[in-house]
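Data first, discussion second: the structure below is written as structure tokens.
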Number of protein chains: 2
Amino acid sequence: MNKNIYLHIYNDYSARIQSGQLPAGKKLPSESELAEAYGTSRETVRKALLMLSQNGYIHKIKGKGSFVLDTQRMNFPVSGLVSFKEVSKNLGRSVRTIVYENGCVPSTSEEERRLQMKEPGPLWKVVRAREIDGEKIILDKDYFLTSYVPSLTAETAGNSIYAYLEGELHLTISYAKKEISVEEATPEDKLLLDLHDYQHIVVVRNYVHLVDTKLFQYTESRHRLDKFQFVDFARRAQSESDL
Amino acid sequence: MNKNIYLHIYNDYSARIQSGQLPAGKKLPSESELAEAYGTSRETVRKALLMLSQNGYIHKIKGKGSFVLDTQRMNFPVSGLVSFKEVSKNLGRSVRTIVYENGCVPSTSEEERRLQMKEPGPLWKVVRAREIDGEKIILDKDYFLTSYVPSLTAETAGNSIYAYLEGELHLTISYAKKEISVEEATPEDKLLLDLHDYQHIVVVRNYVHLVDTKLFQYTESRHRLDKFQFVDFARRAQSESDL
DNA sequence: AAGTGGTCTAGACCACAGT
DNA sequence: CTGTGGTCTAGACCACTTG
């Protein structure tokens, strides 16, 4: 068992910090001590600590040590890909998913542009509303290239599509670009969501790429203004030329 | 000259990729080749490639190599700290800064909460509007703990505060938490910005920490709805327990 | 001076791609 | 089989912090 020791260390400490077992400000063992404790080398420990640092769990200070950050106040480090992050900020609420549409459709010109399609073709389209505490707050519109995702069952659409893509189809998602903007609410928004009198809506566009760098999914997540929140944790760049 | 070789490699390649000299899809030399070319070891090369990958410049595929990503379409990798990122999405526009307020004020209870102050005290407060193409689009409200920033000149407030903090005061910014939400426009927003008839405003709250993990600055950036855009580049997490 | 993290080395073995 | 990136090792020297 000498594989992915750094992930093991990372999981150990991220769990202990998230659970509050290690409180904010607490000093971690030194890198040498951790190396010995896990029976590994210092560089491997450093790899785990780098990840903890980049994900907002700890903070390293040269000459002093590594310290637990206040993750409670941080909510949690976002900038992630995982689908429901924006929603599940406050857990312990009743969440329900309503599937409005789930099937294969011909592409529109806008969808071709979003998915960088060279010519019109079929798309798998899923439209779902997320209901929280009895109000339909979020409209999720997902588009998949049929070459990767031939079809989705209604049951899958009602649950986590990501789990299906990775677990069943073995598609490996690699990276994504996310754009957040505010736009005028469309008639569709007003029809499918409980928008009250809001005239605008927060649009989160997600362009999802596979390991072969191919764009395979485009997702539009449309949030009611008052319920939207996005949290981002950012470290200062080390390089000068990074703008 | 054997220090920060990995930064050197990173700067070389990020520059070449941003300039378009290395086009999207181009394969980089292998890690061994790069190690020899730069007269260093493979692990050092890997450190540079990891940074390039995390900042959205390249993409690594096991068994195949490292490939340049389409950074044009990416706009640029955000999740940064640099102040004007949200604004400067489209460059080449006339941008002007109007300083409304720049001085020391007693703290309000909300400000004490934002800055985690235990008791009331003086704050350095800067209020500025950003005018783009003749319209005041963004209202920036910055608060600094006077223990770190005793004062700012009007000239500094008109330019980049960050450059002053790091260059002159030698404060090293380490990390920040950013929160994006949409709120009702205040009378102050309507007075100081060209809001048209928009009743809501996008609020970006920034909590900035120094290397000693102390929170020293709180910034509120209030954007007119229609001009707001946030772009984020996210890599898929390697760990399972990351939610 | 002792302890800490930051950087670097020169190897090694593995898993995966392509031939 | 060869070449690629992914992981790991057991050292080394440096810069910084603290006593």
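Chain letters run A, B, ... following the sequence lines, proteins first and then strands; every chain starts at 1. Quick caveat: nothing in here was measured; it's all calculated off a predicted structure.
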Residues from residues 24-35 of chain A lying under 4.0 Å of DNA chain D - heavy atoms: none
Return no unless some side-chain N or O of [X] is found under 4.0 Å from OP1 or OP2 of [N].
X        : N       : value
Lys64(A) : dC16(D) : no
Tyr6(A)  : dT7(D)  : yes
Thr44(A) : dT7(D)  : no
Lys60(B) : dT4(D)  : no
Arg46(A) : dG6(C)  : yes

What is the separation between atom [atom1] on [X] and atom [atom2] on [N], rounded to the nearest whole Å?
X        : N       : atom1 : atom2 : value
Ile58(A) : dT4(C)  : CD1   : P     : 15 Å
Lys62(A) : dT17(D) : NZ    : P     : 8 Å
Glu43(A) : dC13(C) : CD    : P     : 20 Å
Leu7(B)  : dT7(C)  : CG    : C1'   : 11 Å
Glu36(A) : dG11(D) : CD    : P     : 13 Å
Lys47(B) : dG6(C)  : NZ    : C1'   : 6 Å
Arg42(B) : dT4(D)  : CZ    : P     : 10 Å
His8(A)  : dC8(D)  : NE2   : P     : 12 Å

May I ask which nucleotide in the shown strands pairs with dA12(D), Watson-Crick or G-U wobble, both distances under 3.5 Å? dT7(C)
If pairing means Watson-Crick or G-U wobble with both distances under 3.5 Å, then the partner of dT2(D) is none
At under 4.0 Å between heavy atoms, what does Ile61(A) touch on the DNA or RNA strands: base, sugar-phosphate, or nothing? sugar-phosphate
Mind telling me whether [Y] and [X] have parallel, tilted or perpendicular rings, with 30° and 60° as the class edges?
X         : Y         : result
His8(B)   : Tyr38(B)  : perpendicular
His209(A) : Tyr175(A) : parallel
Tyr207(A) : Tyr218(A) : tilted

Could Lys47(A) and Glu43(A) be called an ion pair, given the rule that one side-chain N must be under 4.0 Å from one carboxylate O? no
Write down the atom of Leu215(A), the atom of Val208(A), and the distance for their closest heavy-atom approach. CD1-O, 3.4 Å
Give the minimum heavy-atom separation between Thr97(B) and Arg130(B), together with the two atoms involved. OG1-NH1, 3.0 Å
Taking atom NZ as the centre, does Lys26(B) end up with more than 12 heavy-atom neighbours from other residues, nucleotides or ligands that are less than 6.0 angstrom away? no
Which sits closer to the 5' end of DNA chain C, Ser41(B) or Ser66(A), going by the nucleotide each is nearest to?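 Closest to the 5' end, via its nearest nucleotide, is Ser66(A).
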